[in-house]
Protein chains: 2
Amino acid sequence: MKITTELLKGVLEGIVLQRISAGETYGYEITQYLNEHGFEDVVEGTVYTILMRLEKQQLVAIEKKKSDRGPARKFYQLNAAGEERLAQFWQQWAYVSTQLTQLKENPA
Amino acid sequence: MKITTELLKGVLEGIVLQRISAGETYGYEITQYLNEHGFEDVVEGTVYTILMRLEKQQLVAIEKKKSDRGPARKFYQLNAAGEERLAQFWQQWAYVSTQLTQLKENPA
DNA sequence: TCTCACTACTATGTATTACTATATAGCAGT
DNA sequence: ACTGCTATATAGTAATACATAGTAGTGAGA
């Protein structure tokens, strides 16, 4: 399904955080995961910008590891601040989601 | 609850469409409704930009009516294209919402 | 009459963010 | 050498929520 760009804003960062939280991973893998799990149109460039942003905000720890195929991978792990950000994201998502459901079902 | 700006992108337009769909209304009223229903921090300027955008994209019909208190109000109504856009929004929202829930509960 | 509060819309500028497009680089197979 | 797959990086663009300020009309109270 084609999703409006604007609906993804904020959401994508949350998804990336969640993926990293689920286990050490890197940009290319995250992109593939997204493409296979309902977000077909998300491209590599988008994921890398998000990762760079997380790094800049010091929410992740980074480790470079050699790959058997292609250039070295940058593995990401959430630090304490990253976990907190992720928790915040889910809270906010739940809140917005609840409000929207109410709005739709009870327009009064 | 304080919601990250980015999480609101795309969502706010959907909410405004839904409000108009629920019955002829105008900018000031929509703003107040939002402020009283979980989106305290949304300001008038934001709502009016959305309304102008909807008008530009020809998703709404407009009628000016005198008010008993203050200047004339611009009442908005959805036309066919607007109703379709609203339906699309809910579809996309449901989709993203489903994917996110799966992602959270089943990280595999 | 003047001021204030409330209502209502308009306009400008800014920050954030997803996307496009492109570049770089390593390795395998032909 | 060439192609294809893996993997990261980055400059540029468009969309959008927000902050802020301005304009205006109405009615109430001093």
Side-chain angles (χ1 to χ4, degrees), chain A residues 2-17 20 24-36 39-57 59-60 62-76 85 89 92 96, chain B residues 2-17 24-36 38-57 59-60 62-76 85 89 92 96:
Chain A
K2 177 68 184 165
I3 304 294
T4 308
T5 291
E6 296 308 320
L7 212 46
L8 292 178
K9 298 215 167 173
V11 174
L12 274 184
E13 182 179 304
I15 297 178
V16 170
L17 284 168
I20 299 174
E24 205 185 43
T25 185
Y26 53 99
Y28 194 78
E29 195 179 58
I30 294 174
T31 307
Q32 290 202 309
Y33 178 88
L34 285 174
N35 292 160
E36 288 162 9
F39 300 98
E40 298 88 8
D41 295 330
V42 175
V43 295
E44 295 170 25
T46 300
V47 174
Y48 286 114
T49 32
I50 293 172
L51 289 173
M52 308 264 276
R53 203 160 69 225
L54 297 180
E55 183 181 350
K56 208 172 193 176
Q57 295 176 3
L59 304 175
V60 288
I62 298 179
E63 199 183 347
K64 269 209 170 184
K65 291 186 188 174
K66 282 190 181 162
S67 163
D68 51 339
R69 36 190 357 186
R73 297 168 177 156
K74 274 175 78 175
F75 282 84
Y76 292 81
R85 171 71 70 89
F89 166 73
Q92 292 192 20
V96 171
Chain B
K2 175 70 185 162
I3 305 294
T4 309
T5 290
E6 298 307 322
L7 253 191
L8 292 179
K9 298 213 169 174
V11 174
L12 276 183
E13 182 180 304
I15 297 178
V16 170
L17 284 169
E24 208 185 40
T25 185
Y26 53 97
Y28 193 80
E29 194 179 58
I30 295 173
T31 307
Q32 290 201 311
Y33 178 88
L34 285 173
N35 291 160
E36 288 162 9
F39 300 98
E40 297 87 9
D41 294 331
V42 175
V43 294
E44 293 172 30
T46 299
V47 174
Y48 286 113
T49 15
I50 294 172
L51 290 173
M52 309 263 277
R53 203 159 70 228
L54 297 181
E55 183 180 349
K56 208 172 192 176
Q57 295 177 1
L59 304 175
V60 288
I62 299 180
E63 199 183 346
K64 271 211 167 180
K65 291 186 188 173
K66 283 191 178 159
S67 164
D68 52 338
R69 38 196 344 189
R73 296 168 176 157
K74 273 174 78 175
F75 282 85
Y76 292 82
R85 171 69 71 86
F89 167 73
Q92 291 191 21
V96 170

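Each chain gets a letter, A, B and so on, in the order its sequence line appears, and its residues count up from 1.
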With B:Phe75 via ring pair (Phe, Tyr, Trp, His ring centres under 6.0 Å) - residues at least two apart: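 Ring pair (Phe, Tyr, Trp, His ring centres under 6.0 Å) list for B:Phe75, sorted by chain: B:Tyr26.
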For the side chain of [X], counting heavy atoms from C-beta on, which of [options] is nearest?
X	options	answer
A:Tyr28	C:dA18, D:dT6, D:dT16	D:dT6
B:Leu8	C:dT16, D:dA17, D:dA19	D:dA17
A:Arg53	C:dA18, D:dA17, C:dT7	C:dA18

Mapping B:Lys2 and B:Lys9 onto DNA chain D by nearest heavy atom, which one lands closer to the 5' end?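 It is B:Lys9 whose nearest nucleotide is closer to the 5' end.
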Pull out every protein N or O sitting under 3.5 Å from an N or O of nucleotides 23-26 of chain D, one pair per line with the distance.
from: D:dT26; atom 1: O4'; to: B:Gly70; atom 2: N; distance (Å): 3.4

Whole angstrom value for the distance that separates [atom2] of [N] from [atom1] of [X]:
X	N	atom1	atom2	value
A:Leu7	D:dA15	CG	C1'	13 Å
A:Glu6	D:dA15	CD	P	9 Å
A:Phe75	D:dT6	CZ	P	15 Å
A:Lys65	D:dA7	NZ	P	13 Å

Those residues that, when tested against [X], pass side chain to side chain contact (heavy atoms under 4.5 Å, CB included) (two or more places apart):
X	value
A:Gln57	A:Arg53, A:Leu59, A:Arg85
B:Lys66	none
B:Lys56	none
A:Gln92	B:Met1, B:Ile3, B:Thr4, B:Leu7

Which atom pairs link the protein and nucleotides 9-12 of chain D when you take only N or O atoms and keep those under 3.5 Å?
from: D:dA9; atom 1: OP1; to: A:Lys74; atom 2: NZ; distance (Å): 2.9

Using the side-chain hydrogen bond (donor to acceptor under 3.5 Å, both in side chains) criterion, which residues pair with B:Glu29? Sequence neighbours excluded.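 With sequence neighbours excluded, B:Glu29 shows a side-chain hydrogen bond (donor to acceptor under 3.5 Å, both in side chains) to B:Thr25, given in chain and number order.
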Return all side-chain donor-acceptor pairs below 3.5 angstrom for residues 42-49 of chain A, not counting sequence neighbours, or 'none' if the list is empty.
from: A:Tyr48; atom 1: OH; to: A:Tyr28; atom 2: N; distance (Å): 3.4
from: A:Thr49; atom 1: OG1; to: A:Gly45; atom 2: O; distance (Å): 2.9
from: A:Thr49; atom 1: OG1; to: A:Thr46; atom 2: O; distance (Å): 2.6

Could you check if a side-chain atom of A:Leu8 sits within less than 4.5 angstrom of a side-chain atom of A:Ile15, using non-hydrogen atoms only?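 No, too far: nothing below the 4.5 Å cut-off.
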